[in-house]
Amino acid sequence: MINSILYNMIFHLLFILYLPFFIHKLFKRGIQGGDYGERFGIFSKNKIKALAEKSSPVWIHAVSVGEVIAALSFISLWKEKDPEIEIILSTTTTTGQAIALKKVPEDVIVIFSPLDFLWVVKRFLKLIKPKLLIIFEVEIWPNLIRQSSLKGIRLALVNCRMSDSSSRGYSRHRWFFKTLFNSFDLICTQSEDDTMRVRNITGETGTLIKTCNTMKFDQVPNLNAEDKSEIIKSLFDKNALILVAASTHPGEEAMILNVYTQIKKKHNKIGLILVPRHCERTPQIENIIKDANLSYLKYEGDSLNRKTDVLLINTTGELINFFAISDIVYVGKSMAGNKGGHNIIEPALFSKTIIHGPEMQNFRLVVDIFQKNEASIEVKDERELTKKIDSLIQKPSLRKKYALNAGKVVKQNKGAINKTLQLLFNN
């Protein structure tokens with residue numbers, strides 16, 4: 001009780017301090033779908049009516065793009081097994097919301113997640129009345145977890161991964177987090193290391209903790225997929241090799257453009273598709289391309305019909321469609337001062353040659369699997385990236401080897417969703 005009062009006092013204070021940044025970030029990125037007022041428990045009449053029509057649904061919460069994509073595959077497979085299951089999907093970020101609205105099955109309601117104010121959480125639970133709350137990865141919101149547990153709602157934490165720093169933080173404040181983690185009926189982790197980290201917090205309790213691997217290997221690649229091959233034919237030379245720079249962050253665009261300029265001196269038939277992680281950075285990236293003296297076209301879902309050096313993608317949720325027509329993929333947030341990395345499984349779904357930098361902390365388990373199977377290439381800096389791409393162009397057999405290995409790794413590691421569903425059905 002004391003912990004709950006203390007948490008709510010601190011949460012209100014921190015939210016007030018964070019509010020200017022919160023508003024700035026919201027306006028900067030824009031609301032790309034849904035009604036953001038839902039985060040404060042404000043729902044439209046139509047949404048209230050739709051929620052009321054659901055009878056004891058399953059509420060699935062996924063934070064942002066990566067979690068949403070995994071959740072969509074999870075929902076798709078679940079509905080194959082049980083077409084009558086009623087599901088509500090919530091997201092935290094506006095980009096995650098936009099992708100969910102585009103790709104979710106028609107009978108699934110998409111909402112924004114509640115801010116963890118006690119009164120907001122209570123309103124959500126009153127409206128939704130879920131029989132089960134499933135949280136993807138590690139989103140620990142004390143009021144949401146406590147109130148759900150008090151109402152007898154089953155709780156599951158799935159596809160759970162826990163970084164070293166997060167583990168240290170939770171363990172340091174075990175007096176607070178132990179009860180929250182033990183509120184879950186089921187915790188499905190991505191690796192044995194994640195299981196060990198969770199057990200270090202929960203201790204020996206009644207919570208069922210199982211290692212199920214990562215659901216990202218089970219991603220359904222053709223959700224709303226569109227063939228982009230015709231676009232490519234009109235933009236780049238015939239038989240051009242396509243390099244996709246995926247989910248890039250500040251510093252990586254300039255690096256990739258430098259690499260591309262050097263490569264193009266030796267290999268004229270190469271096209272670059274640049275897909276920044278956040279579309280609001282597009283004007284800044286346009287200036288970087290101009291400074292590199294390269295021609296470019298901006299893709300916003302429309303037809304393009306003239307030759308160019310660079311295709312700059314200014315849409316959300318279409319990256320996977322460009323993976324399908326790529327030859328080599330550089331996965332961003334892994335170099336040029338960025339850390340954490342992005343999901344290398346997505347291009348592997350299409351058996352593509354994958355390159356990434358050394359800073360892949362958020363996907364260490366996945367990277368280890370790919371590296372052991374020669375299914376991805378890690379480079380340490382811009383110079384090594386240039387040399388490696390040059391080598392892959394000159395040696396098609398090497399490129400093919402990495403691509404085939406990437407596809408094999410995906411096939412060999414599928415099954416996390418089935419394992420998780422089996423545990424949910426039996427628990």
Side-chain angles (χ1 to χ4, degrees), residues 54-91 96-97 99-111 130-139 154-161 184-191 194 208-226 317 319-321 323-324 343-351 363 365-366 369 406-427:
K54 297 290 184 183
S55 176
S56 300
V58 173
W59 176 5
I60 296 175
H61 174 58
V63 184
S64 190
V65 176
E67 295 83 7
V68 168
I69 290 171
L72 288 168
S73 298
F74 180 74
I75 291 168
S76 177
L77 190 54
W78 194 341
K79 290 190 77 66
E80 281 183 24
K81 296 177 181 294
D82 182 5
E84 302 303 315
I85 189 72
E86 293 190 315
I87 295 174
I88 292 164
L89 174 63
S90 67
T91 76
Q97 182 85 180
I99 288 173
L101 287 168
K102 280 183 182 179
K103 300 185 176 184
V104 79
E106 286 184 8
D107 60 342
V108 174
I109 298 175
V110 179
I111 60 175
K131 64 181 177 183
L132 169 64
L133 171 59
I134 299 174
I135 298 175
F136 267 69
E137 302 209 359
V138 181
E139 269 288 285
R154 289 173 61 214
L155 285 161
L157 187 64
V158 304
N159 209 38
C160 170
R161 65 178 174 85
F184 289 96
D185 300 281
L186 172 66
I187 298 177
C188 297
T189 67
Q190 295 188 18
S191 70
D194 292 317
L208 181 62
I209 306 171
K210 291 288 185 179
T211 304
C212 295
N213 207 344
T214 173
M215 288 185 194
K216 288 182 168 65
F217 283 112
D218 293 325
Q219 183 176 329
V220 180
N222 61 346
L223 291 174
N224 284 356
E226 296 177 13
L319 175 56
I320 200 162
N321 299 326
F323 283 149
N343 186 10
I344 62 175
I345 297 172
E346 290 181 359
L349 291 168
F350 299 95
S351 296
F363 295 89
L365 167 66
V366 172
I369 294 171
K408 287 178 184 176
V409 164
V410 172
K411 290 177 182 177
Q412 291 166 356
N413 287 275
K414 283 181 176 292
I417 290 179
N418 270 323
K419 289 179 185 177
T420 302
L421 285 174
Q422 199 63 44
L423 287 164
L424 284 168
F425 296 157
N426 294 336
N427 185 36

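Residues take their numbers from the sequence shown, with the count starting at 1.
- Shown here are the side chain to side chain donor-acceptor pair (under 3.5 Å) partners of Arg161, two or more places apart in sequence or in another chain: Glu137.
- The closest side-chain heavy-atom distance from Phe136 to Val158 is below 4.5 Å.
- Legend: residues meeting side chain to side chain donor-acceptor pair (under 3.5 Å) with Lys411, ordered by chain and number and at least two apart, are absent.
- Closest heavy-atom contact between Pro105 and Ile75: CG-CG2, 4.1 Å.
- Distance CD1/Ile99 to CG/Leu319: 9.0 Å, rounded to 0.5 Å.
- The shortest distance between side-chain heavy atoms of Lys79 and Asp107 falls below 4.5 Å.
- To the nearest 0.5 Å, atoms CD1 (Ile69) and CD1 (Ile345) are separated by 11.5 Å.
- Rounding to the nearest 0.5 angstrom, the gap separating the CG atom in Leu423 from the CG atom in Asp185 is 12.5 Å.
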Legend entry - Test log, rule side chain to side chain contact (heavy atoms under 4.5 Å, CB included), inputs Phe425 and Thr420: CA-CA 9 Å; Phe425 296 157; Thr420 302; over 6 Å; no
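- Phe217 places none of its side-chain heavy atoms less than 4.5 Å from the side chain of Leu349.
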Distance-only donor-acceptor pairs under 3.5 Å for side chains of residues 58-66, two or more places apart:
residue	atom	partner	partner atom	Å
Trp59	NE1	Ser90	OG	2.9
His61	ND1	Ser90	O	3.4
His61	ND1	Ser90	OG	2.8
Ser64	OG	Thr93	OG1	3.2

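- Minimum interatomic distance between Val110 and Ala100 (heavy atoms only, all atoms of both residues): CG1-CB, 3.9 Å.
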Inset, instruction - Please report the C-alpha distance between Ile417 and Trp78 in whole Å, then the side-chain angles of each, then the deciding distance to 0.1 Å, and finally whether the side chain to side chain contact (heavy atoms under 4.5 Å, CB included) criterion is met. - result: CA-CA 9 Å; Ile417 290 179; Trp78 194 341; over 6 Å; no
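- The shortest distance between side-chain heavy atoms of Thr214 and Val366 falls below 4.5 Å.
- Put simply, the side chain of Ile88 reaches to within 4.5 Å of the side chain of Ile111, judged on heavy atoms.
- The shortest side-chain heavy-atom distance between Cys188 and Lys419 does not fall under the 4.5 Å cut-off.
- Using a 4.5 Å cut-off on side-chain heavy atoms (C-beta onward), Leu186 and Leu424 make contact.
- Interatomic distance, CG of Leu155 versus CZ of Phe184, reported as 5.5 Å (0.5 Å rounding).
- In this structure, Asp218 contributes its side chain and Gly415 its backbone to a donor-acceptor pair below 3.5 Å.
- Closest approach of Leu365 to Ser191, counting heavy atoms only: CD2-CB, 3.7 Å.
- Checked by atom type, the side-chain pair Ser73/Gln219 shows no donor-acceptor distance below 3.5 Å.
- Asn213 and Ala416 get closest at one heavy-atom pair: O-CB, 3.6 Å.
- For Lys81, the side chain to side chain donor-acceptor pair (under 3.5 Å) partners at least two apart in sequence or on another chain are Asn418.
- Of all heavy-atom pairs between Lys216 and Asn159, the closest is NZ-ND2, 4.2 Å.
- When side chains are defined from C-beta on, Phe74 counts as touching Leu421, because their heavy atoms get closer than 4.5 Å.
- Every residue was checked against the salt bridge (charged side-chain N to carboxylate O under 4.0 Å, His left out) condition with Asp82, not counting sequence neighbours, and none meets it.
- Partners of Glu86 by side chain to side chain donor-acceptor pair (under 3.5 Å), not counting sequence neighbours: none found.
- Closest of all the heavy-atom pairs between Leu72 and Lys103 is CD1-CB, 3.7 Å.
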